[in-house]
Number of protein chains: 4
Amino acid sequence: MTDHRQGPVRSEAARLAILEATARLFLSKGYDHLTMEGIAAEAGVGKQTIYRWWPSKGDVVADCLLDGLLLPDSLRPQDTGDIRADLAAWVAGIFLVLDRPDGEGLLRSIIAAAAGNADVGRRIYEGLGASSSMADRIRKAIAEEGLPADTPVEEVGEAIVGAVILRALSRSPIDEAGARRLVGALLG
Amino acid sequence: MTDHRQGPVRSEAARLAILEATARLFLSKGYDHLTMEGIAAEAGVGKQTIYRWWPSKGDVVADCLLDGLLLPDSLRPQDTGDIRADLAAWVAGIFLVLDRPDGEGLLRSIIAAAAGNADVGRRIYEGLGASSSMADRIRKAIAEEGLPADTPVEEVGEAIVGAVILRALSRSPIDEAGARRLVGALLG
Amino acid sequence: MTDHRQGPVRSEAARLAILEATARLFLSKGYDHLTMEGIAAEAGVGKQTIYRWWPSKGDVVADCLLDGLLLPDSLRPQDTGDIRADLAAWVAGIFLVLDRPDGEGLLRSIIAAAAGNADVGRRIYEGLGASSSMADRIRKAIAEEGLPADTPVEEVGEAIVGAVILRALSRSPIDEAGARRLVGALLG
Amino acid sequence: MTDHRQGPVRSEAARLAILEATARLFLSKGYDHLTMEGIAAEAGVGKQTIYRWWPSKGDVVADCLLDGLLLPDSLRPQDTGDIRADLAAWVAGIFLVLDRPDGEGLLRSIIAAAAGNADVGRRIYEGLGASSSMADRIRKAIAEEGLPADTPVEEVGEAIVGAVILRALSRSPIDEAGARRLVGALLG
DNA sequence: CAATAAGCGAGACGGTACGTCTCGTCTTGCT
DNA sequence: AGCAAGACGAGACGTACCGTCTCGCTTATTG
């Protein structure tokens, strides 16, 4: 006895339309002004189709995040062979991409989503979408650039991402010099 | 020549009632479920009296924060003479006070408020309500406990508070060992 | 091919609840103190459900009037075979039913509604709810009681109803003698 | 022993400013959209100064009416020596001055005021502002134009004004022919 | 000629209702 | 059974006015 139910199966077209509409609206209006009704209308989908598969706005956004529809690929640290310079550049650069001191910066919108939804929060932790690539970069530096082997990779990554988040909340981007001081303090 | 207007003056009683009602509701229900109507009702005040003086919910919360109605005093780091132990204890302890993995942790509620409102964000940065006292604690360690004079105090403080915020968002508190590793990485 | 939309259809239960609640509140509190919120609460209905189908308070009242929920049936003139006596009795009697010199007389409330809403106004004209029956009565008098055939039925009816309205506005009911003089002047 | 209190006496300037502002706003926006706050602002007067002397909006409007600030003088019937023609002309003409089928006709606004306020109602009855002059015109016709002496002057006047009001409420002006039929029915 | 008290402009106050928006659920007819 | 459409009860939004009150100023009468 297989468990084939009768009737149609989940529509992949609807799922995609919803996620893409969500990403579009999130990027243009921010998390706060994103509404379920707006998503349904933008996706050309009944509201019930959203509620059938996702319990809340936050969960839809979490899925967007997971599918990489919200964050650009440019978030992974470069590798020039100088770990300190690469991390400092990442920190200073992220504000150019994700944050505007005024308005609904994308980073702040994601933080708001994370504050309201556990899944989004966990996704963020699993690397600000992509920055577990930061842990990779640090490990590579341990292996090849002479960074001490007992460097606590996780904690260093969290401290960097955390400092960025704090500054995003306070609307005061970290500049080049600040980024170097931060990385210097963490990597000795 | 002072600018004495004629006519009635702002009611201090109403101002206080509003801030206290806001604090009460914020602590019991969190930022998301806080409403202007609820504040007005709880304070025994007309809605217009709130809108007359604060443009949005976030601004009322920001004033609460400023008045110290939201955060306990227990947030300042202790001073046992051992800077690493004191900071690690602060980090591990803050989750006991401000965060519950389930529900609307107070810290996450404040983060949500900060994400939506610039004033709240700035207040947080000016020390998570109280943690500029953390900078003070670090400076004291430079002066008296042999911490290197070139330790970038601001950045270290931000990294610690930022890591805490990141973990609050991801619903995974920092434990004792993690706190020690974090502080160790920052202070060498 | 009829134009069957898909999706839910207007709820007859809600429509009825709204009209009945409106009638109840109109009769107990008058037009001025009737509110959309009050209707919604009394009907156990969301405000949007009212606004979805009626643009304003006046239009809801107009529908009540049309459905006969506001005016009693006793408004049609009697037929004793004496047109003058019947009309005079109707005039004198209407103040007993619809008007109280103090307070929010029902007739004045309907006048207020008519002044503010074209639909209500037209409904009133189409017979004070029922008084086109007055025209019928006059025509019957032409046919059977020897009233001149060139009596301008419409104008006589309007003059009578108009006089009643004017006296309702001025809070001075027409008494028996006045009613007889009025009818006498109109029917010669 | 006169009861002269001490202190300043009622400001005539304020009284006039209020009545004139009320008339201005009434004529431009109608009774419904007239507000006490609007009157105060337009008159450059404190709200309390209005409430000190008039208990409600309706009473201010009633005073305007009494002072002749709302109705033009052109409302008195002409005297060409032909009572029927004069009254018919008055009826047909009044819609040109006071009523527009759409919008907030002045006559309908006054009716609304009368429905909500006893004083306004009585003022209207005392002659639609000026039409007790209509009774004068009818009496003159009795004296000089051979109208029967037992014509019930009051009732005829009320029937005419009432018919006009009814038609104003129903948004269907009386035309020349209708006016002649009405007057004919009333004066034989 | 003070002292006194009322009127005044201004406008904050506790409220009520407005008309709109979004929530999450439910219903309908189509596929 | 899933779907688009969209009505439904609920309730918060931010605004407009209500009628009362308080403030500091001006002005007339009275002791």
Side-chain angles (χ1 to χ4, degrees), chain A residues 4-11 13-14 17 33-41 43-53 55-57, chain B residues 4-11 13-15 17 33-41 43-53 55-57, chain C residues 4-11 13-15 17 33-41 43-53 55-57, chain D residues 2 4-11 13-15 17 33-41 43-53 55-57:
Chain A
H4 284 312
R5 291 167 297 99
Q6 71 189 134
V9 94
R10 177 168 188 181
S11 155
H33 299 104
L34 184 68
T35 68
M36 291 300 239
E37 303 218 321
I39 296 171
V45 135
K47 285 200 291 177
Q48 197 55 49
T49 300
I50 308 183
Y51 283 109
R52 192 161 12 242
W53 304 109
S56 75
K57 180 174 78 163
Chain B
H4 285 313
R5 269 188 321 96
Q6 81 190 98
V9 101
R10 178 170 185 179
S11 158
R15 200 193 123 259
H33 299 102
L34 184 68
T35 68
M36 292 298 239
E37 300 220 322
I39 295 170
V45 137
K47 281 200 289 179
Q48 198 56 51
T49 300
I50 308 183
Y51 284 108
R52 182 150 34 229
W53 303 109
S56 75
K57 181 175 78 162
Chain C
H4 286 312
R5 272 187 319 94
Q6 83 189 98
V9 99
R10 177 169 186 180
S11 157
R15 200 193 123 259
H33 299 103
L34 183 67
T35 69
M36 291 300 239
E37 301 219 321
I39 296 170
V45 137
K47 282 200 288 178
Q48 198 58 49
T49 300
I50 308 183
Y51 283 109
R52 184 152 31 232
W53 304 109
S56 75
K57 182 174 78 163
Chain D
T2 58
H4 283 311
R5 292 164 297 100
Q6 72 190 136
V9 95
R10 176 169 188 180
S11 155
R15 198 192 126 260
H33 299 102
L34 184 68
T35 70
M36 291 300 240
E37 301 216 322
I39 295 170
V45 137
K47 284 200 290 178
Q48 195 61 249
T49 300
I50 307 183
Y51 283 109
R52 189 156 19 236
W53 304 109
S56 75
K57 179 174 79 163

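Values below: every heavy atom of this structure, side chains too, minus hydrogens, waters and symmetry copies. Keep in mind that what you see is a predicted model, and the values were worked out from it rather than measured.
Lys47(B) contributes no side-chain N or O that forms a donor-acceptor pair with the base of dG14(E) under 3.5 Å. Donor-acceptor pairing under 3.5 Å, judged by distance alone, is present between the side chain of Gln48(C) and the base of dC21(E).
Atom-to-atom, CD of Glu37(B) to C1' of dT15(F) comes out at 12 Å; the value is rounded to the nearest Å. Across the protein-nucleic acid pair, Met36(D) atom CE and dG11(E) atom P stand 19 Å apart, rounded to whole Å. Taking atom CD1 of Ile50(A) as the reference point, atom P of dA5(F) lies 12 Å away to the nearest angstrom. Note: CD1 (Ile39(A)) to C1' (dT22(E)) measures 12 Å, nearest angstrom. Atom C1' of nucleotide dC18(F) and atom NE2 of His33(D) are separated by 16 Å, given to the nearest angstrom. For the pair Arg52(C) CZ and dG19(E) C1', the interatomic distance rounds to 14 Å; values are reported in whole Å.
Between Gly7(D) and Arg10(D), the one whose closest nucleotide on DNA chain E sits nearer the 5' end is Gly7(D).
When heavy atoms are screened at a 4.0 angstrom cut-off, Gly38(A) is found touching no nucleic acid atom at all.
Looking at every heavy atom in both residues, Ala40(C) comes nearest to Lys47(C) through CB-CG, 3.9 Å. Considering every non-hydrogen atom in both Ala43(B) and Ala17(B), the closest pair reads CB-O, 3.5 Å.
For the OP1/OP2 pair of dA7(F) and a distance below 4.0 Å, the side-chain nitrogens and oxygens of Thr49(C) include no atom meeting the criterion. OP1 or OP2 of dG2(F) has not a single side-chain nitrogen or oxygen of Ser11(A) nearer than 4.0 Å. Taking only side-chain nitrogens and oxygens, Trp53(D) never comes nearer than 4.0 Å to OP1 or OP2 of dA6(E).
Using a 4.5 Å heavy-atom cutoff, the side chains of Arg52(A) and Thr49(A) are in contact. When side chains are defined from C-beta on, Arg15(C) does not count as touching Trp53(C), because their heavy atoms never get closer than 4.5 Å.
With hydrogens and angles ignored, the 3.5 Å screen pairs a side-chain donor or acceptor of Lys57(A) with a backbone N or O of Leu34(A).
The side chain of Pro8(C) lies closest to dA7(F), out of dT20(F), dA12(F), dA7(F).
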